[in-house]
2 protein chains.
Amino acid sequence: MTTLPGMADEELLRLDQQICFSLNAASRAFGGVYRVLLRDLGLTYPQYLVMLVLWEDGELPVKRIGERLRLDSGTLSPLLKRLETAGLVRRERSQEDERSVTVTLTAEGSALRGRAGQVPRRLLAATGLPVEDLAALRELLDRVTVALDSADVEPAP
Amino acid sequence: MTTLPGMADEELLRLDQQICFSLNAASRAFGGVYRVLLRDLGLTYPQYLVMLVLWEDGELPVKRIGERLRLDSGTLSPLLKRLETAGLVRRERSQEDERSVTVTLTAEGSALRGRAGQVPRRLLAATGLPVEDLAALRELLDRVTVALDSADVEPAP
DNA sequence: CGCAATTGAGTTGTGCGCAATTGAATAGCG
DNA sequence: CGCTATTCAATTGCGCACAACTCAATTGCG
């Protein structure tokens with residue numbers, strides 16, 4: 001792993017600041033636009049993510065949803081409970097394995113897909129970037145994610 | 001605003017999905033590395049951001065901190081109270097303007113800067129990307145942030 | 001088979017982000 | 001000058017992320 005030899009800690013402190021600021025700002029900016037786009041559907045952004053995977057697969061165990069979205073039960077359990085209260089989803093213990101809970105779309109949940117149809121187009125338009133740039137952005141993000149996930153950072157400085 | 005005319009809603013749904021996944025994953029990956037690096041200092045990542053701006057300026061009113069980090073009082077008030085409890089920071093009402101609260105580093109807070117010196121270097125190394133790629137990433141993130149912030153998305157789909 | 005280890009959901013507690021509101025201090029206008 | 005509008009911090013309420021834990025069901029090993 002490169003140690004960035006030619007730079008003083010002071011400079012790095014600033015560069016570091018810029019990178020985390022940029023990522024943070026972008027993340028919050030996306031969140032803000034999604035919030036507006038989804039308000040009408042009564043969904044938050046993480047709830048929208050869950051609905052996306054359910055719209056693809058119809059029904060899934062909680063475990064699979066968590067794997068797809070990298071969310072744990074501490075996040076999913078209350079979130080799914082809210083989706084159930086909203087009438088979009090049903091939760092039932094699996095019969096083959098009583099530990100597992102299967103999440104199924106209700107008719108209302110499936111119907112919501114139609115109303116969500118314009119969300120991606122409007123979001124991509126709001127980014128103001130051509131599709132090629134978005135692809136480049138995604139590629140960089142994925143590379144940095146893989147590296148960060150596999151970098152085992154030692155706790156002690 | 002362009003409507004990305006040549007693509008079906010289905011394709012856009014996937015692209016949209018991929019982009020939010022990637023951004024989400026990157027954000028969480030950064031968070032995880034920062035968490036490990038900062039554990040020792042007793043700081044969370046947002047607390048670290050506040051310390052960064054204080055290390056630069058020594059003392060700042062809450063308002064200015066919020067402007068720099070784009071955080072509102074609902075986030076900053078309890079966060080600063082925790083930093084004060086940890087002994088890193090003092091909070092005092094300004095005398096010129098009694099509405100304003102000035103946040104000042106304590107000796108302990110200033111001293112923490114030394115121990116944080118290796119954090120940026122270690123973080124940048126963990127990204128596994130050359131500095132030019134990180135600059136490109138930052139540039140794309142900033143562009144998309146500006147666009148998203150200035151795009152006034154209409155609430156109704 | 002029987003018991004320990006693992007797995008899957010759920011719960012609790014802490015901290016952050018955002019919206020909406022409160023309350024006090026200041027600024028600005030008539 | 002006096003009243004209204006604005007500004008600043010703090011608070012409340014909700015939802016999410018993460019860690020640590022509980023508990024039941026299942027797996028697997030001796």
Side-chain angles (χ1 to χ4, degrees), chain A residues 20-21 23-36 38-39 41-51 60-67 69-86 89 91-103 149 155, chain B residues 20 23-36 38-39 42-51 60-67 69-86 89 91-103 149 155:
Chain A
C20 36
F21 278 22
L23 190 77
N24 237 23
S27 190
R28 291 175 53 247
F30 267 98
V33 172
Y34 269 115
R35 192 170 305 115
V36 176
L38 295 174
R39 181 158 302 154
L41 307 179
L43 293 177
T44 66
Y45 173 62
Q47 288 167 9
Y48 172 69
L49 294 182
V50 171
M51 293 303 287
L60 281 171
V62 173
K63 185 73 194 313
R64 293 270 162 278
I65 298 176
E67 285 169 0
L69 305 179
R70 300 179 189 274
L71 297 175
D72 67 358
S73 65
T75 301
L76 279 177
S77 287
L79 188 156
L80 291 169
K81 209 175 285 186
R82 282 186 283 272
L83 288 181
E84 188 173 42
T85 303
V89 135
R91 293 185 304 152
E92 307 163 308
R93 291 263 156 207
S94 163
Q95 284 159 1
E96 306 93 59
D97 186 341
E98 292 265 334
R99 294 171 301 182
S100 176
V101 169
T102 301
V103 181
D149 278 344
Chain B
C20 35
L23 191 77
N24 239 24
S27 192
R28 289 179 54 248
F30 267 98
V33 173
Y34 269 116
R35 192 171 303 117
V36 176
L38 296 174
R39 180 159 303 154
L43 294 176
T44 67
Y45 173 61
Q47 288 166 9
Y48 172 69
L49 294 182
V50 170
M51 294 304 286
L60 281 171
V62 174
K63 183 76 193 309
R64 294 271 162 277
I65 299 177
E67 286 169 358
L69 305 179
R70 298 177 191 277
L71 296 175
D72 68 358
S73 65
T75 300
L76 280 177
S77 287
L79 188 155
L80 291 169
K81 208 175 288 185
R82 283 186 282 271
L83 289 181
E84 188 173 43
T85 303
V89 137
R91 293 184 305 149
E92 307 164 308
R93 292 261 156 209
S94 163
Q95 284 159 3
E96 305 93 59
D97 187 340
E98 293 264 334
R99 293 170 303 181
S100 178
V101 168
T102 301
V103 181
D149 278 345

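All values below come from the heavy atoms of this structure, side chains included, with hydrogens, waters and symmetry mates left out. Treat the numbers as computed from the prediction; the structure is a model and nothing was measured. Naming: A, B, ... by sequence-line order, numbering from 1 per chain.
Between the C1' atom of C:dT11 and the CG atom of A:Leu80 lies a distance of 15 Å, rounded to the nearest Å. Rounded to whole Å, atom P of D:dA9 lies 14 Å from atom CD of B:Glu84. We find that CD of B:Gln95 is positioned 15 Å from P of C:dA25, with the value rounded to whole Å. Whole-Å rounding puts the B:Asn24 CG to C:dG17 C1' distance at 14 Å. Regarding B:Asp72, its CG atom lies at a distance of 7 Å from the C1' atom of C:dG17, rounded to whole Å. Atom pair A:Glu96:CD and D:dT27:C1' shows a separation of 16 Å (rounding to whole Å applied). As rounded to whole Å, 7 Å separates atom P of C:dA19 from atom CZ of A:Arg39. Summarising the geometry, the separation between CZ on B:Arg99 and P on D:dA10 is reported as 14 Å, rounded to the nearest angstrom.
Distance from the side chain of B:Asp97 is smallest to C:dT26 among C:dT6, C:dT26, D:dC8. When each of C:dA19, D:dA9, D:dC8 is scored by its nearest atom to the side-chain atoms of B:Val101, the top-ranked nucleotide is D:dA9. Of all nucleotides listed (D:dT7, C:dA9, D:dA10), D:dA10 comes nearest to the side chain of B:Arg91. With C:dC18, D:dT26, D:dA10 as the choices, the nucleotide that has an atom nearest any side-chain atom of A:Arg35 turns out to be C:dC18.
Inter-residue side-chain proximity for B:Leu79 and B:Pro46 is flagged as met; some heavy-atom pair is nearer than 4.5 Å. Residues B:Leu71 and B:Ile65 are not in side-chain contact: their nearest non-hydrogen atoms beyond the backbone lie 4.5 Å or more apart. With a 4.5 Å cut-off on side-chain heavy atoms, A:Leu38 and A:Leu41 count as touching. Using a 4.5 Å heavy-atom threshold, the side chains of B:Leu43 and B:Val50 count as separate.
With both pairing distances under 3.5 Å, D:dC21 is matched to C:dG10 as a Watson-Crick or G-U wobble pair. Under the Watson-Crick and G-U wobble criteria, each requiring two contacts below 3.5 Å, nucleotide D:dG30 is paired to C:dC1.
Residue A:Thr75 is in base contact, counting any heavy-atom pair closer than 4.0 Å across all strands shown. Among the protein residues, A:Leu79 comes within range of the sugar-phosphate backbone only, with heavy atoms under 4.0 Å from sugar or phosphate atoms but none that close to a base. Using a 4.0 Å heavy-atom cutoff across all strands shown, A:Glu67 reaches no nucleic acid atom at all. Using a 4.0 Å heavy-atom cutoff across all strands shown, B:Leu71 reaches sugar-phosphate atoms only and no base atom.
Under 4.0 angstrom from either OP1 or OP2 of D:dA9 there lies no side-chain N or O belonging to B:Ser73. Checking the phosphate oxygens (OP1, OP2) of D:dT11, a side-chain nitrogen or oxygen of B:Lys81 falls inside 4.0 Å. Within the structure, a side-chain polar atom (N or O) of A:Arg28 is placed less than 4.0 Å from OP1 or OP2 of C:dC18. Here A:Ser100 reaches the OP1 or OP2 of C:dA9: one of its side-chain N or O atoms lies under 4.0 Å away.
Remark on DNA chain C: of its neighbouring residues B:Pro78 and A:Val62, the 5'-side contact belongs to A:Val62, judged by nearest-heavy-atom nucleotide. If A:Ser77 and B:Arg70 are placed on DNA chain C by their nearest nucleotide, the residue sitting closer to the 5' end is A:Ser77. Remark on DNA chain D: of its neighbouring residues A:Pro46 and A:Glu98, the 5'-side contact belongs to A:Pro46, judged by nearest-heavy-atom nucleotide.
The environment of A:Arg91 atom CZ is dense: over 12 non-hydrogen atoms of other residues, nucleotides or ligands sit within 6.0 angstrom.
There is no side-chain donor-acceptor pair under 3.5 Å between A:Ser27 and A:Asn24.
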